[in-house]
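Worksheet: the structure to be examined is printed underneath.
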Amino acid sequence: MMGGAPLDWGAVVREIRAGAKVPLQGEIPFDRPREACGVFGVYAPGEDVSRLTYFGLYALQHRGQESAGIAVGDGEDVLVYSKLGLVTQVFDEKVLDGLTGTHAIGHVRYSTTGSSARVENAQPAFMTRRDGGGIALGHNGNLVNPLDLARELEAEDIEVDASTDSHLITALLARQESSDLVEAFGSVAPKLRGAYSITAMDESRVVAVRDKYGVRPLVIGRLASGGWVFASETCALDIIAADYIRDVEPGELVVADADGLRSHTLFEPSPRLCVFEYVYFARPDSELFGRSVYEVRRAMGKQLADEAPADADLVIPVPETASAAAQGYADRTGLPYAEGFVKNRYVYRTFIQPSQSMREKGVRMKLNPLPRVIEGKRLAVIDDSIVRGTTTRETVEMLRRAGAREVHLRVASPPIKWPCFYGIDTANRNELIGSDKSIDQIREFVGADSLGYLSVDGMLISTGVPTERFCHACFSGGYPIEVPEETARTKHVLEMPRRANGNGRKPLPITAQHAEPLPGINVE
Ligand code: SF4
């Protein structure tokens, strides 16, 4: 059971109303966009659902490295196990042996804070329904109106022992009069504004839900045994030999249970997939909109070569997300391609950060250049994106120390000018080097001989998908989902104020009576 006092939502709301600046306590600066989460779900009676979920999460580890969790259901109970750490650190044979059932969901998470990571924010979130049953939920994305939901729960004196919008959604579902998970979503979904790809479950079924914009991906797969699978990316289907069936459509809720698979339309779809999934987040062996992420990245590299050619001897990628774009760049320019860096394959998020003096000594956590490859060469260095610019500057410095004659930096996406409110941590606007600096000022900051970016149009055209089906707000400022001013002020409204960490999961005490009639669900 979880320790610590419940979060004082009233204080959060009052401070936001008063225009308080939200302190990001314990935040460690980062220089890559960070994915918030990966979700998974399986309904497969007779199969080892916890191990299927484990391997699904293993394939989705790149989407979140701070915590991992699995919930299982067996027709009578819902059991949740989650902890801080990588999937391989959180689960072992003994734990998985204890997680038996007919269906399961899983979640990997990357929170927006560093050293102050909170175990109670790990997912799947769990809440007790009014009838005593349970709901477990994993969420990828971010809502833009979490304070509205927090106020609603606060007004009913409902306590939530965590500070994520995902736990708020679970609490809202749990307080519904109906114990039917589909009906509960029908009532709660209209209150949710923002991005959500969700897998959730009760004692007897798994549901997969996607917001009407489908900002974050979510796919359906099928096991040879006939079981159904839901996952953030197709790579999580491949690892368990499940066939890709189709995407969960934007605005759709899909149920998998003893009656098979059923689809419900919650909203008319208005697709706006995050284009950054193609640029950086998704694994290259996944498919989005039916297009290989690897192939799209290659196409972006070719387009970049057309838009920003470089007078160079050799093309090298900044490993490893830029590798496909670099190959495309080399193909189009006819320049030779080589690996100029070695990447430590086992570096994921570390909870031990190098000290300042270690940083100053140039401790290389992730990349090490190959001097024999780059010495004396004019390099076209391909990266996928630049956030703050500090890591890029270190990378350029590293190449020069290793003997590069010239460094021509080419970026296979446009400058990031705006923050993301839909589930990606791209830093605040004043921390984004692309928000107020010209290309030449950025070039000067990172120390490159020349700098070129892919254009917004070039990026979108490279996907081969109609351009109106994407969110590209962090590049263009055109937000498809309106962001309330109080959310725009800070992306981390629910991360304040802080409490002591707990070490387990606590069911929500449902104390308030809910008198409103349930809105009906629009069922296909
Ligand atoms: Fe993706 Fe950028 Fe849109 Fe966020 S703002 S969903 S990172 S394209």
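Atoms within a ligand are numbered from 1 in the order they appear, just like the ligands themselves. On a predicted model such as this, the values are computed, not experimentally measured, just so you know. Side-chain atoms are counted along with the backbone in the values below, which use heavy atoms only and exclude waters and symmetry mates.
Side-chain polar atoms of Ser263 and Glu252 form a donor-acceptor pair below 3.5 angstrom. A side-chain donor from one of Glu307 and Ser455 sits under 3.5 Å from a side-chain acceptor of the other.
Remark: minimum distance from atom 4 (Fe) of ligand 1 to any protein heavy atom is reached at Cys420 SG, 2.3 Å. Among all non-hydrogen protein atoms, the one lying nearest atom 5 (S) of ligand 1 is Cys474 N, 3.4 Å.
Comment: Lys191 engages Glu152 in a salt bridge, judged by a side-chain N to carboxylate O separation of less than 4.0 angstrom.
Set against the non-hydrogen atoms of Val215, the atoms of ligand 1 under 4.0 Å away are 6 (S). Short contacts between ligand 1 and Ile424, defined as distances under 4.0 Å to a heavy atom of the residue, involve ligand atoms 7 (S). Interface of Phe276 with ligand 1, defined as ligand atoms under 4.0 Å from a residue heavy atom, comprises 1 (Fe), 7 (S).
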>> Between Glu277 and Arg216, is the side chain to side chain contact (heavy atoms under 4.5 Å, CB included) condition met? List the steps.
In response: CA-CA 8 Å; Glu277 294 279 352; Arg216 309 257 71 92; 3.2 Å; yes
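Of the inter-residue distances, the one linking Tyr479 atom OH with Arg272 atom CZ reads 15.0 Å to the nearest 0.5 angstrom.
For the pair Arg393 and Phe445, the cation-pi test (distance below 6.0 Å, angle within 45°) is passed.
Coordination check, Cys471 versus atom 4 (Fe) of ligand 1: failed, since every N/O/S atom of the residue sits at 2.8 Å or beyond.
One option in Ala473, Ser385, Gly141, Cys274 has a heavy atom closer to atom 6 (S) of ligand 1 than any other, and that option is Cys274.
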